[in-house]
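See structure below.
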Amino acid sequence: MDIQPKQSSNIVPRSTTLYNPATFAEVKKPFFIEASAEQVLDEISPHEFSFLPGEKYISVDTETFAYGMIANNRMPANVQRRWIKRGSKYIPNDFPFCFSICDGKHSYVVYDTLQNQFNEFKKLQPLLGDRSVGKIAHNFGFDLHMFANVGVNIKGRIHDTLCISRLVRPDAFQHNLCTLADEMLSQGLPGIPEFEHMLDAYKAAHKITDYREFPKELMVQYTGADTWNCLYAFDYLYPLLQINNQVSLYDIEAQMLLVAYWMERKGITIDPEYKDILIPELEAEVDTAERAIYEKAGTRFNINSSQQLYSVLCSLGYGSKVKRKKPTDAMIAKGQFEGNPSFDKYEMERLENEGVPLIAEIQKFKASEKLLNTFATKLYELCDATNTIHCNINTMEAKTGRFSISVPSMQNMPRRKDSRVRTAFIAPPGYTLYDFDFKSQESIILVHYSRSQYLMDIINNGGDIHKAVASIIYSIPYEEVSKELRGISKSVEFAIVYGAGASKVAAMTGLSLTESAVAMKQFLKNAPEVDIFIKTANKVGKERGKVRTIRNRTVCLERGREYACVNYVIQGSAADSTKSRMVDIHKFLRANNYKTYMSLQVHDSLLQVVADDEQELLGYLRWLQTERELFRVPVTVDVAKCTPTWRDKEDIDVEAVEPPADQLKKMQEYDIWNEGIL
């Protein structure tokens, strides 16, 4: 069905009134209905879209609550707590208390309770598990867990309007349903945002944190509008994928939602005994560092207060070394023309290098405190009864399409300077943990875009990209490149890909600023194809305000950050490739009934938990993860065995082996939409 401008008087403009029980009947929609499961099954008539002929769809949503203040390790079996970010906090959610289902004519709202063992929800299984009926939701990854937590299986093609919005509206400030409904309404399309505005106002006025406390008639209209808006947002947004030539990209993203769901569901095992080693050790380090700071300062002060730290440094005679931030407009208006003292990461490193007292001790204190509070303590708080952590794997939160992992934040977990926290991660009994690392992924993608024949030949012949770059920088034969020069070339490549300057190369290599600048200039001079690609990308980015990745993902540029063009193209293309490989691996393992599974994707690494009686899979997995199709040169994979912990990585020699033809055929024919979530 194509969307037509609204004509029906049933659809009204955004309400400016607050929720009023006395007059609510005048504004509520008669086609948003509280119903029994039986009524839904009797009356629902799945929707057909003109641009997807022959396919039937419903939109679905869950409204959820937390299972009291119960600790994670006391949650019921087969129930996984999910976390929703509200501001800077993550709010736990465990079960749904109502389902909303829309067919384009009505939105039905079904209530149920934990006390009823969610038997009313389970009556909807014939519809929700019907392979012939597709399901649409907004932020479907969250809802999949809520359906699974009450024992309701989801089958059939899934679509996520949040995912589509991020692809076709990459420059939008917000992607929530209310914003989409407002946008549709402004164009004369059937969006209904008023009930979300009402609910938000009621929530603020009554300080509600549990959505079960809202008046039921308001909740029915609110959640009914959610699925209504979701279905019509799909009608509004999906054709834009077709116009933008992004359907194939979106298909991978949609499949990736299911892959991420299973990775979250499986989780990663934590060593419970290591807690009694790691946490006391870090607590002692924090206490020692704090005492050292106070002893050197000669006084106690708030270490996290910039003003108090500045005052102490002034008393020690080092105040002049501290740089200040630019004053804000508000400060200038008050006659303050000097900004606050600056103690950000880079300034702290500068002050430490200049030998300013206290700074080295404060750096140690903050590093230990972060390891303790942000990672170590949090890890063990998040463990379930089986000593497993189920992270939030966010497949499209980053604008380039890269993964981010929250609760806990795996991307920010130290891996070089102090990787002790990684010792907590182990494989479950009967399995071994392996780290499959994309080898020089972003540097190789840079070669793809630059089309440097010399570099492509080196890579295609199995050579090392970093040695090849070093040979270009220093005009020496490839075979004569030393380990030191190879390391410098990696830093030069990093600086070029991320739009950094010579100062970054100097900080990473120990070279002087002049030597670093010369190395970068020599690379671009001796590899003119790379220089041309960078200049072309920057020019296109400045002219259009956006760039596109290998699979046609649009990445918008912030004003003043046009230098990030190359980074966005390469990082986004790396994400496109990584997701394609992960979808294939998931299908391969599921289609062939292997016990082995993927656990986490962090930076360029894919952690895989391989069953001890399936070790023959290592070669297959390396072959499947290698990228051969998207780029002019292959992106290969290094394999490390992580035993007994993730920190204890040991590179192993694993030959990439093409899986048997019958297993590949099963992978290619595997219907990911029919596998279900239970």
Side-chain angles (χ1 to χ4, degrees), residues 87-90 270-328 330-331 334 336-383 406-424 503-504 506-508 510 647:
S88 60
K89 295 182 179 180
Y90 284 91
I270 302 295
D271 181 359
E273 296 179 2
Y274 186 53
K275 175 183 179 181
D276 296 331
I277 299 173
L278 178 63
I279 292 180
E281 184 178 288
L282 290 172
E283 287 175 338
E285 287 182 12
V286 171
D287 290 342
T288 300
E290 188 174 14
R291 283 196 298 271
I293 292 168
Y294 296 148
E295 287 174 7
K296 187 164 284 190
T299 184
R300 293 179 65 87
F301 66 99
N302 183 352
I303 298 170
N304 294 314
S305 167
S306 297
Q307 288 292 353
Q308 291 189 35
L309 174 57
Y310 177 67
S311 297
V312 171
L313 291 178
C314 286
S315 69
L316 296 174
Y318 290 90
S320 61
K321 287 188 173 290
V322 178
K323 292 183 180 179
R324 289 182 172 270
K325 303 174 186 176
K326 289 183 179 181
T328 64
M331 294 171 72
K334 295 177 181 178
Q336 300 175 13
F337 300 103
E338 194 173 49
N340 293 322
S342 177
F343 292 108
D344 62 21
K345 175 184 175 182
Y346 301 105
E347 283 303 303
M348 290 293 282
E349 289 176 356
R350 179 184 65 81
L351 292 171
E352 182 179 7
N353 292 335
E354 292 182 9
V356 175
L358 297 184
I359 302 301
E361 288 77 9
I362 290 175
Q363 294 280 70
K364 291 178 184 177
F365 169 79
K366 289 189 173 182
S368 297
E369 187 182 47
K370 184 175 182 179
L371 280 175
L372 173 63
N373 297 326
T374 305
F375 297 115
T377 303
K378 185 67 68 177
L379 282 179
Y380 286 98
E381 286 178 352
L382 292 171
C383 276
S406 55
V407 201
S409 175
M410 300 299 296
Q411 267 79 11
N412 296 323
M413 186 174 292
R415 55 176 174 161
R416 291 193 178 94
K417 288 186 177 180
D418 194 333
S419 58
R420 279 177 290 174
V421 175
R422 291 195 173 202
T423 305
S503 59
K504 186 65 178 179
M508 295 174 69
R647 188 188 189 193

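Considering only heavy atoms from C-beta on, I270 comes within 4.5 Å of C383 through its side chain. Between V286 and F365, some side-chain heavy-atom pair lies under the 4.5 Å cut-off. Counting only heavy atoms from C-beta outward, the side chains of L309 and P341 never approach each other to under 4.5 Å. In this structure the side chain of L278 never reaches within 4.5 angstrom of the side chain of T423, judged on heavy atoms. At a threshold of 4.5 Å between non-hydrogen side-chain atoms, the residues P414 and L371 count as touching.
Every residue meeting the side chain to side chain contact (heavy atoms under 4.5 Å, CB included) condition with I279, not counting sequence neighbours, appears here in chain and number order: K275, E283, L372, A376, T377, Y380. With sequence neighbours excluded, the residues forming a side chain to side chain contact (heavy atoms under 4.5 Å, CB included) with Y90 are W83, K85, S406, V407, listed by chain and number.
For the pair G319 and C314, the tightest heavy-atom approach, listed with the atom from each and the gap, is CA-SG, 3.7 Å. Summarising the geometry of R420 relative to Y274, their closest heavy-atom pair is O-OH, 3.1 Å, with the distance given to 0.1 Å.
Rounded to the nearest 0.5 angstrom, I303 CD1 and S305 OG are separated by 11.0 Å. One distance of note links CD of E352 with CD of E361; it measures 9.0 Å at 0.5 Å rounding. Summarising the geometry, atom CZ belonging to F375 is positioned 11.5 Å from atom CG belonging to L282; distances are rounded to the nearest 0.5 Å. How far CG of L351 is from CG of L313: 7.5 Å, rounded to the nearest 0.5 Å. Atom OG of S342 is separated from atom NZ of K326 by 12.5 Å, given to the nearest 0.5 angstrom. Once rounded to the nearest 0.5 Å, the distance linking NZ of K325 with CG of D344 reads 7.5 Å.
No more than 12 heavy atoms of other residues, nucleotides or ligands lie within 6.0 Å of CD in E273, so this atom counts as exposed by the packing criterion. Within 6.0 Å of atom OH in Y318, 12 or fewer heavy atoms from other residues, nucleotides or ligands are found, so the atom counts as exposed in its surroundings.
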Report the C-alpha separation of K323 and Y346 in whole Å, then their side-chain angles, then the decisive distance to 0.1 Å, and conclude whether the side chain to side chain contact (heavy atoms under 4.5 Å, CB included) test is met. CA-CA 11 Å; K323 292 183 180 179; Y346 301 105; over 6 Å; no
Run the numbers on L358 and L316 for side chain to side chain contact (heavy atoms under 4.5 Å, CB included), then give the verdict. CA-CA 10 Å; L358 297 184; L316 296 174; 4.1 Å; yes
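A salt bridge is defined here as a Lys NZ or Arg NE, NH1 or NH2 lying under 4.0 Å from an Asp or Glu carboxylate O, and R291 with E295 fails to meet this definition. Between E369 and K366 there is no salt bridge, since no side-chain nitrogen of the basic residue lies less than 4.0 Å from a carboxylate oxygen of the acidic one.
Looking at T288, its side chain never comes within 3.5 Å of a backbone N or O of E285 through a donor-acceptor pair. Side-chain N or O atoms of S419 include none that pairs as donor or acceptor with a backbone N or O of R422 at under 3.5 Å.
Checking R324 against Y310 by side-chain atom types alone, a donor-acceptor pair falls below 3.5 Å.
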